[in-house]
Colleague: 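Pasting a structure here, questions to come.
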Amino acid sequence: MAGSKKSLDSVIKNLDSIKADDFDTDGDRNKPLLAAYALVSRLETPWETVSRLCMSQPALVASLKTAKDLQLFEKWDSIGNSTEDSDKLTAMVNCDPSLLGQSGALNKFQLQDQNISIGSDSPTSGNKHVLQEVSANVFKPTEFSISLLQPKFGEWINWLYNGSLPSFHKMPEFLQNNDYKPPTNPANGIFQDAKGYKGDLFHYYAEHPREGNSFNQLMDGIMARQASRLDVIPADSFCKWVYPDTAARLYLQDLPGVIANSKCPEPVNKMAHDFFTPQPIKGARVYYMHSIVHDWSEKPAHKILEMLRDALKLGYSKLPIDDHVVPDKSAHHQTTFFDLTMMAFVVGQERTETEFRTLIEAAGYRFVKVWRSPLAPQAIVEAEVA
Ligand SMILES: C[S@@+](CC[C@H](N)C(=O)[O-])C[C@H]1O[C@@H](n2cnc3c(N)ncnc32)[C@H](O)[C@@H]1O
């Protein structure tokens with residue numbers, strides 16, 4: 001018994017001792033993270049898995065949205081993110097004390113996300129709680145809750161409520177009503193069913209700028225996370241100080257509303273362009289598309305590539321397509337939920353290497369190779385005009 005207790009303690013101590021900054025690179029940190037997810041799935045019982053998925057996570061995100069609506073984190077930040085009791089927090093956000101009190105819904109934040117009580121000799125402070133419970137009814141913001149003050153993270157909570165949850169709520173019914181075939185018409189998919197809207201997501205966003213802004217912020221968050229694997233120089237230094245001549249030859253293209261709100265600094269050229277029309281910039285060395293092709297089903301994706309093809313110079317221009325490239329087996333969990341999100345949200349999909357090859361070749365390109373990085377499940381498909 002004593003031997004078993006000792007080994008249990010040492011297992012927990014070993015696990016507790018692992019920290020994000022133990023690793024030299026993000027790629028190194030990612031490997032134990034994946035091992036830890038696998039560990040959770042081995043250790044959880046079916047009851048623990050189902051209650052986490054169906055009870056604690058929905059309750060947590062509903063609590064986060066309520067806290068966001070109350071501007072709890074913003075108001076806390078304005079008084080210096082100090083340690084506060086629930087009476088002070090209740091007064092600060094002007095809600096009923098029962099919400100933030102001892103047994104209230106919001107003060108359970110710290111209990112709902114990975115809080116494991118493993119005894120006084122085992123530290124729990126490294127857990128990713130939303131709030132830290134300093135003592136009974138006394139709380140402190142955490143690195144995570146403070147990160148939500150940045151729109152590129154905080155707006156995910158609004159997007160969850162205005163786009164993701166309504167779409168996933170509709171998905172089972174939509175598929176049932178459509179003989180379990182994925183949608184193919186970008187103007188008439190699951191998102192449109194959920195919103196009672198006819199037209200593609202990007203037209204919806206142009207007509208609903210508050211929701212469009214949420215989406216643009218979360219794209220910012222995704223790009224900020226991914227830039228590390230591309231050896232990207234921060235836009236400001238690239239444009240203003242490091243390579244001003246090169247930056248002046250770059251073009252950022254998107255729909256007019258997105259271009260008008262983009263923060264890309266001078267001297268990069270900002271150009272409104274509809275990619276379902278011919279590409280006006282001819283003979284460039286590179287036409288880089290990030291998170292574009294996966295937004296579309298075969299027919300529109302083919303059209304986008306076709307409209308670009310004549311701009312490329314044979315033997316010189318390159319087309320790097322930056323998206324998830326799904327492996328034949330053991331797809332990364334991020335790839336699989338991106339794939340479902342693309343289907344539910346934009347009638348898009350993540351593609352395998354074979355699917356990319358077929359799409360690209362049918363549009364008049366040569367498939368060169370796939371560039372992968374250990375830092376992300378996304379990859380770069382290199383193509384050139386055939
Ligand atoms: C998933 S976002 C990716 C944005 C950006 N490339 C990034 O990675 O941050 C897709 C983008 O496609 C743009 N888009 C949608 N339809 C378009 C069209 N017809 N012509 C040009 N851009 C379009 C949207 O406005 C949106 O910014």
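Order of appearance sets the numbers: ligands from 1, and atoms from 1 within every ligand. FYI, side chains are in, hydrogens and waters are out, and symmetry mates aren't considered; it's all heavy atoms of this structure.
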Colleague: Number the atoms of ligand 1 from 1 as they appear, then name those within less than 4.0 Å of a heavy atom of W296, with their elements.
Modeller: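 In order of number, 16 (N).
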Colleague: Taking the minimum heavy-atom distance to atom 6 (N) of ligand 1, which of M342, H290, H294 ranks first?
Modeller: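 Ranked by closest heavy atom to atom 6 (N) of ligand 1, first place is H290.
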Colleague: Which residue owns the protein heavy atom closest to atom 1 (C) of ligand 1, what's the atom, and how far is it?
Modeller: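 It is S291 O, 3.1 Å.
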Colleague: Decide if atom NZ of K68 counts as having more than 12 heavy atoms of other residues, nucleotides or ligands within a radius under 6.0 Å.
Modeller: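 Above 12, so yes.
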Colleague: Quickly, which of K170, H169, Q176 forms a side-chain hydrogen bond (donor to acceptor under 3.5 Å, both in side chains) with E173? Name it, please.
Modeller: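 For E173, the side-chain hydrogen bond (donor to acceptor under 3.5 Å, both in side chains) check succeeds only for K170.
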Colleague: Could you tell me which atoms of ligand 1, counted from 1 in the order shown, lie closer than 4.0 angstrom to a heavy atom of H273?
Modeller: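 Counting atoms of ligand 1 from 1, those under 4.0 Å from H273 are 20 (N), 21 (C).
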Colleague: Can you tell me the protein heavy atom closest to atom 9 (O) of ligand 1 and the distance?
Modeller: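 Heavy-atom neighbour on the protein nearest atom 9 (O) of ligand 1: M219 CE, 3.7 Å.
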Colleague: Under 4.0 Å from ligand 1, counting heavy atoms only, is it the side chain of D200, its backbone, both or neither?
Modeller: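 Looking at D200 and ligand 1, no heavy atom falls under 4.0 Å.
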Colleague: Regarding R29 and the six-membered ring of F23, is the cationic atom NZ or CZ under 6.0 Å from the ring centre and inside 45° of its axis?
Modeller: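 Judged by the rule, R29 and F23 form no cation-pi pair.
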Colleague: Suppose I only count heavy atoms of D274 and a 4.0 Å limit; which atoms of ligand 1 are within that range?
Modeller: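 Counting from 1, the qualifying ligand atoms are 18 (C), 19 (N), 20 (N).
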Colleague: May I ask you to check whether D254 has an N/O atom sitting below 3.5 Å from an N/O atom of ligand 1?
Modeller: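 Yes.
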Colleague: Any salt bridge linking E211 with K195? Criterion: basic side-chain nitrogen under 4.0 Å from a carboxylate oxygen.
Modeller: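 Yes, charged N to carboxylate O under 4.0 Å.
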Colleague: For atom 14 (N) of ligand 1, which of F275, F215, Y205, F345 has the closest heavy atom?
Modeller: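 Shortest heavy-atom distance from atom 14 (N) of ligand 1: F275.
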Colleague: Taking 4.0 angstrom as the limit and counting only heavy atoms of V258, give me the atoms of ligand 1 inside it, by number and element.
Modeller: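 The atoms of ligand 1 under 4.0 Å from a heavy atom of V258 are 25 (O).
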Colleague: For Y316, does the six-membered ring have the charged nitrogen or CZ of R285 within the cation-pi criterion, i.e. under 6.0 angstrom from the centroid and within 45° of the normal?
Modeller: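 Geometry flag: set, cation within 6.0 Å and 45°.
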Colleague: At under 4.0 Å between heavy atoms, is it the side chain or the backbone of D295 that contacts ligand 1, or both, or neither?
Modeller: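 Looking at D295 and ligand 1, just side chain atoms fall under 4.0 Å.
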Colleague: Counting only heavy atoms not in K303, do more than 12 sit closer than 6.0 Å to its NZ atom?
Modeller: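 Open.
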Colleague: Write out the residue and atom name of the closest protein heavy atom to atom 12 (O) of ligand 1, then the distance separating them to 0.1 Å.
Modeller: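 Ranked first by proximity to atom 12 (O) of ligand 1 is I292 CD1, 3.6 Å.
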Colleague: Tell me if the CG atom of N177 is crowded by more than 12 foreign heavy atoms within 6.0 Å.
Modeller: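 Yes, CG of N177 has more than 12 neighbouring heavy atoms, counting only those of other groups under 6.0 Å.
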Colleague: Do the ring planes of W296 and F276 sit parallel (below 30°), tilted (30 to 60°) or perpendicular (above 60°)?
Modeller: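 Perpendicular.
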Colleague: With under 30° as parallel and over 60° as perpendicular, where do the rings of H208 and Y204 fit, or are they tilted in between?
Modeller: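 Geometry flag for Y204 against H208: parallel rings.
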Colleague: Should you measure from each heavy atom of F276, which atoms of ligand 1 turn up under 4.0 Å away?
Modeller: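 Close to F276: 19 (N).
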